[in-house]
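So the structure is just underneath, and the comments pick up after that.
Order of appearance sets the numbers: ligands from 1, and atoms from 1 within every ligand.
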Amino acid sequence: MFIKRSKPWQGREADVTPQPLYLDRRRIMQAGGALAVTGLIGCGSSESQAENGVAASARTASTLQPETASSGLSYRETAYQVGDALTPYDAVSGYNNFYEFGTSKEDPARYANRMSVDPWSIDVEGHAANTGRFALEDLVDFNALEERIYRLRCVEAWSMVVPWIGVPLADVLRRFEPTSDARYVAFETYLNRSEMRGTRFPVLDWPYVEGLRMDEAMNELAFLAVGLYGDLLPNQNGAPVRLVVPWKYGYKSIKSITKIRFVSEEPPTSWNIAAPNEYGFYSNVNPNRAHPRWSQASERVIGGNLFSRRETEMFNGYSEQVAHLYAGMDLIENH
Ligand SMILES: Nc1nc2c(c(=O)[nH]1)N[C@H]1C(S)=C(S)[C@@H](COP(=O)(O)O)O[C@H]1N2
Ligand SMILES: [Mo]
């Protein structure tokens, strides 16, 4: 039987959506005060970063999703910010990798609306006290959402800055009470071949699977996103719930999750199965380890001008939070 339930994210009048930083930016831009923006471009901006920020924010202002201010999710801002400007909404939702819908960057925006994302449940299996099938609303507390602005670095050497909305992965995983045998956690993407035209081709071994070591999954940065730019995730970005692991290459951030399994052995991962010498299990962003076919030393900034590049940082700039996870490990060998 299908039970219609009102969605927690529909909210009530009393749930006042906080004014996010990017709305402030937009308001200021609309008032024509480009100079005033400089002060808002976050953390320890060097002169050149600030300049960069102003130019990019000016661009961002005109391309933000118009509904952002009125509809959307209730959430709180956090200190997870980056020095560079946000990638415009049009680029975040229009330039995607979601191979289940095709391999071109435009395919997901074109075809992912065919995926049914409501109702949504996740099967939880393996070494944990609480397993079974859970409705999304029972796993993610829509009254406790936060915004985190993270860098996203694709292994293809391009990057974005995305304002995600969601909850820390650790908060969700802890509620399943994983046992000491749970040394890794595996994730699986939804698979419906009639809705996902890209799965007609054996590009990857469907369903898309990913995994993290348990201590990586419990790290403060690992995030389960249900939204971006203040609203629910567009399907092409992995609706209704996807992983965001900002210190790893983008393909670790698995979309449209339907299964979570606690396991004792390192789980198989889609890109590692497809090309083990090119894509390892860890896949930490590492400018010192070239991909066999291209350098990883720098990256193209999506949404900037055609030639906009930045240096790639170790762990995508998140060393302070995650370097300790890999103490003593050879990160070239364990790529
Ligand atoms: N299920 C699934 N998840 C996926 C992918 C995919 O093809 N299928 N692509 C990955 C890659 S390569 C990247 S770079 C990011 C892109 O996320 P975005 O489209 O939200 O920017 O999603 C990752 N998650
Ligand atoms: Mo990617």
Side-chain angles (χ1 to χ4, degrees), residues 86-113 115 117 120 122 148-166 186-193 195-212 222-229 231-260 268-275 278-280 283-285 291 293-294 296 299-303 312 316:
L86 298 181
T87 304
Y89 179 83
D90 289 352
V92 173
S93 62
Y95 184 94
N96 303 98
N97 278 333
F98 199 163
Y99 276 21
E100 287 87 331
F101 297 99
T103 54
S104 95
K105 295 290 184 283
E106 293 75 34
D107 283 337
R110 216 177 277 148
Y111 301 117
N113 58 351
M115 174 171 60
V117 298
W120 192 268
I122 298 183
R148 294 188 176 196
I149 297 173
Y150 278 162
R151 298 182 187 289
L152 173 79
R153 171 57 158 84
C154 176
V155 74
E156 298 162 339
W158 52 262
S159 69
M160 298 192 186
V161 176
V162 184
W164 302 108
I165 311 283
F187 302 90
E188 198 172 297
T189 294
Y190 175 74
L191 176 60
N192 181 326
R193 290 178 190 273
E195 294 177 0
M196 299 168 133
R197 65 204 310 276
T199 60
R200 289 184 242 152
F201 310 99
V203 187
L204 292 169
D205 202 4
W206 317 110
Y208 194 101
V209 290
E210 258 304 335
L212 295 170
F223 200 57
L224 264 188
V226 295
L228 58 81
Y229 267 113
D231 241 314
L232 292 173
L233 285 176
N235 280 9
Q236 59 267 34
N237 293 94
V241 61
R242 59 90 57 85
L243 201 60
V244 184
V245 195
W247 72 97
K248 294 176 178 284
Y249 290 120
Y251 59 82
K252 297 294 289 184
S253 293
I254 182 175
K255 294 177 170 181
S256 306
I257 297 167
T258 52
K259 197 171 279 189
I260 297 177
T269 58
S270 284
W271 280 103
N272 180 251
I273 294 167
E278 300 190 5
Y279 311 104
S283 304
N284 294 312
V285 174
H291 184 280
R293 292 181 280 127
W294 59 84
Q296 295 290 25
E299 61 205 47
R300 185 163 61 93
V301 176
I302 300 296
T312 293
N316 206 21

Listed once per pair and sorted, the salt bridge (Lys or Arg N to Asp or Glu O under 4.0 Å) pairs that draw on residues 92-104, sequence neighbours left out: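 Found none.
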Show the short N or O contacts, below 3.5 Å, that ligand 1 makes with protein N or O atoms; if there are none, say 'none'.
| unit_1 | atom_1 | unit_2 | atom_2 | d |
| --- | --- | --- | --- | --- |
| ligand 1 | 1 (N) | E100 | OE2 | 2.9 |
| ligand 1 | 1 (N) | T189 | OG1 | 2.9 |
| ligand 1 | 3 (N) | K255 | N | 3.2 |
| ligand 1 | 7 (O) | Y99 | N | 2.8 |
| ligand 1 | 8 (N) | E100 | OE1 | 2.8 |
| ligand 1 | 9 (N) | N97 | O | 3.2 |
| ligand 1 | 17 (O) | R242 | NH2 | 3.2 |
| ligand 1 | 19 (O) | N96 | ND2 | 2.8 |
| ligand 1 | 19 (O) | K255 | NZ | 2.7 |
| ligand 1 | 20 (O) | N237 | ND2 | 3.0 |
| ligand 1 | 20 (O) | R242 | NH1 | 2.9 |
| ligand 1 | 24 (N) | S253 | O | 2.9 |

Under 3.5 Å: donor-acceptor pair, side chain of E210, backbone of F187: no
Distance-only donor-acceptor check, side chains N96 and K105, under 3.5 Å: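 Judged by distance alone, the side chains do not pair up.
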Spacing of OG1 belonging to T269 relative to CG belonging to L212, to within rounding of 0.5 Å: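 Interatomic distance, T269 OG1 to L212 CG, rounded to 0.5 Å: 10.0 Å.
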is_close_aromatic(Y190, W120), centroid dist under 6.0 Å: yes
Aromatic ring pairing Y279/Y251, orientation class (parallel under 30°, perpendicular over 60°, tilted between): perpendicular
